[in-house]
Amino acid sequence: MSTAATQEATPLVEATALSRRLGERPVVAGVDLRLMPGECVAVLGPNGAGKSTLLRMIATLLRPDSGTLRVAGHDCPARASRARPHLGVLGHEPQVYRDLSALQNLEFFAALHGLARDRERDLDALDRVGLIPRANDPVRTFSRGMGQRLGLARLLLHDPPILLLDEPHAGLDAPGTALLDRLIRGRPPHRGILLVTHEVERGIALADRAMVLRAGRLVMAEDVAGADPAGFRRRYEALIA
């Protein structure tokens, strides 16, 4: 997305001084964040930096203690119910039902999103993630990587403009990883992606911008499209040391 187009567009996510505490300890401390249509922002940092907590606040699953947050144009958490239909969230687990088949899972989640029953749409989603041969098998018989692929199919059923991905590569096999990377790189211009990852090189390879958290605070934010991975890694390690 061009800089001019980015400046003219309305942010999909806009957070100002967003904070969350656990007792007396700040988990996220005064973080500013903006996600525009068509871009991918990687959120990097060591374990315990506050990355997942930040993502869960944006997903309206956690209430901020202070700061302001707008998601898809809606003030959150006050209007979280209006923001949620615009979100697709994928975490460490695929959030699917193990006793249902892959196809039944998609039928169920499509109904939750208010989508009309459409077997061809659901089969096409399974085909995109390479699960057609297992469409009618219970998810409990799937490997972790296959379950994560089903989670990807679930994620895209309602074509959300905002994808929130928390370590989505975890558990994926090589074909699944390649599939996810293609999904991120091939995002349509209306969609923005917030990618939480501890894999620095992969994050900057997929993202337009990167932000680094340390102990809940934003310590670096910069454009990374075309960045030198080795140079970025050196600056990253110096910041989190």
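We use all heavy atoms of the structure for the numbers below, so side chains are in, but hydrogens, waters and symmetry mates are not.
- Distance CG/L206 to CG/L165: 10.0 Å, rounded to 0.5 Å.
- With F232 as the partner, the side chain to side chain contact (heavy atoms under 4.5 Å, CB included) test is satisfied by one option alone out of E237, M220, E201: M220.
- Inter-residue side-chain proximity for R187 and L163 is flagged as unmet; no heavy-atom pair is nearer than 4.5 Å.
- Residues L62 and L35 share a single hydrophobic cluster, defined by chaining ILVMFWY side chains whose heavy atoms lie under 4.5 Å apart.
- Follow the hydrophobic side-chain contacts under 4.5 Å out from V89 and you never reach L156; the two are in separate clusters.
- In plain terms, the two heavy atoms of D137 and P133 that are nearest each other are OD2-O, 4.4 Å.
- In this structure, E39 and R34 approach most closely via the heavy-atom pair OE2-O, 3.7 Å.
- No side-chain donor-acceptor contact under 3.5 Å links D208 to the backbone of A225.
- In the hydrophobic clustering of this structure, Y236 does not group with L218; members are Ile, Leu, Val, Met, Phe, Trp, Tyr whose side-chain heavy atoms approach within less than 4.5 Å, directly or through other members.
- Here the straight-line distance linking atom CG of L100 with atom CZ of R98 works out to 11.5 Å at 0.5 Å rounding.
- The local environment of CG in N47 is sparse, with at most 12 non-hydrogen atoms from other residues, nucleotides or ligands closer than 6.0 Å.
- Q148 has its side chain within reach of P94: a pair of non-hydrogen atoms, C-beta onward, lies under 4.5 Å apart.
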Steps toward side chain to side chain contact (heavy atoms under 4.5 Å, CB included) verdict (V196, L164): CA-CA 8 Å; V196 165; L164 306 177; over 6 Å; no
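- With respect to D159 and R191, a salt bridge is recorded, a charged nitrogen being found less than 4.0 Å from a carboxylate O.
- Closest non-hydrogen pair, F142 versus R134, comes out as CZ-O, 3.6 Å.
- H86 places none of its side-chain heavy atoms less than 4.5 Å from the side chain of P160.
- Placement of L103 and M146 within a single hydrophobic cluster is found when ILVMFWY residues are connected by side-chain heavy-atom separations under 4.5 Å, directly or transitively.
- Between the side chain of K51 and the main chain of P46, a donor-acceptor pair closer than 3.5 Å is present.
- No single ILVMFWY cluster, assembled from side-chain heavy atoms under 4.5 Å apart, contains both L195 and I162.
- Nearest heavy atom pair, residue L87 against residue H158, reads O-NE2, 2.9 Å.
- Residue A241 comes nearest to R214 through the heavy atom pair O-NH1, 4.2 Å, listed as atom of the first residue, atom of the second, then distance.
- For the pair D166 and L194, the minimum side-chain heavy-atom distance is 4.5 Å or more.
- Expressed to the nearest 0.5 Å, how far OG1 of T197 lies from CD of E167 amounts to 4.5 Å.
- Expressed to the nearest 0.5 Å, how far CG of L112 lies from CZ of R154 amounts to 10.5 Å.
- Within 6.0 Å of CZ on R185 lie more than 12 heavy atoms contributed by other residues, nucleotides or ligands.
- Around the CZ atom of R84, the shell of radius 6.0 Å holds more than 12 heavy atoms that belong to other residues, nucleotides or ligands.
- With contacts defined as side-chain heavy-atom distances shorter than 4.5 Å, the pair R202/D181 qualifies.
- Judged by distance alone, with hydrogens and angles left aside, the side-chain atoms of D75 form no donor-acceptor pair with the main-chain N or O of A78 at under 3.5 Å.
- Of all heavy-atom pairs between C76 and T60, the closest is SG-CG2, 3.9 Å.
- The aromatic rings of F108 and Y97 stand perpendicular to each other, their planes meeting at an angle above 60°, with 30° marking the opposite boundary.
- With hydrogens and angles disregarded, a donor-acceptor distance shorter than 3.5 Å links the side chain of D32 to the backbone of A17.
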Verdict with reasoning, V43 to L55, per side chain to side chain contact (heavy atoms under 4.5 Å, CB included): CA-CA 9 Å; V43 183; L55 201 76; 5.9 Å; no
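- The neighbour count for R128 CZ, taken as heavy atoms of other residues, nucleotides or ligands under 6.0 Å away, does not exceed 12.
- When each of L44, L239, V31, V28 is checked for a side chain to side chain contact (heavy atoms under 4.5 Å, CB included) with L213, only V31 meets the rule.
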Side chain to side chain contact (heavy atoms under 4.5 Å, CB included) between L54 and V27, worked out: CA-CA 9 Å; L54 175 64; V27 181; over 6 Å; no
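- Atom CG in D124 sits 8.0 Å away from atom CD1 in I132 (nearest 0.5 Å).
- Using a 4.5 Å heavy-atom threshold, the side chains of V41 and V13 count as separate.
- A salt bridge links R149 with D173; the closest basic N to acidic carboxylate O contact falls under 4.0 Å.
- The distance from atom CG of L157 to atom CG of D122, rounded to the nearest 0.5 Å, is 6.0 Å.
- Taking 4.5 Å as the limit, some side-chain heavy atom of P11 sits within range of a side-chain heavy atom of M36.
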CA sep, side-chain torsions, deciding dist, call: R56, T53, side chain to side chain contact (heavy atoms under 4.5 Å, CB included): CA-CA 5 Å; R56 286 173 62 80; T53 298; 5.7 Å; no
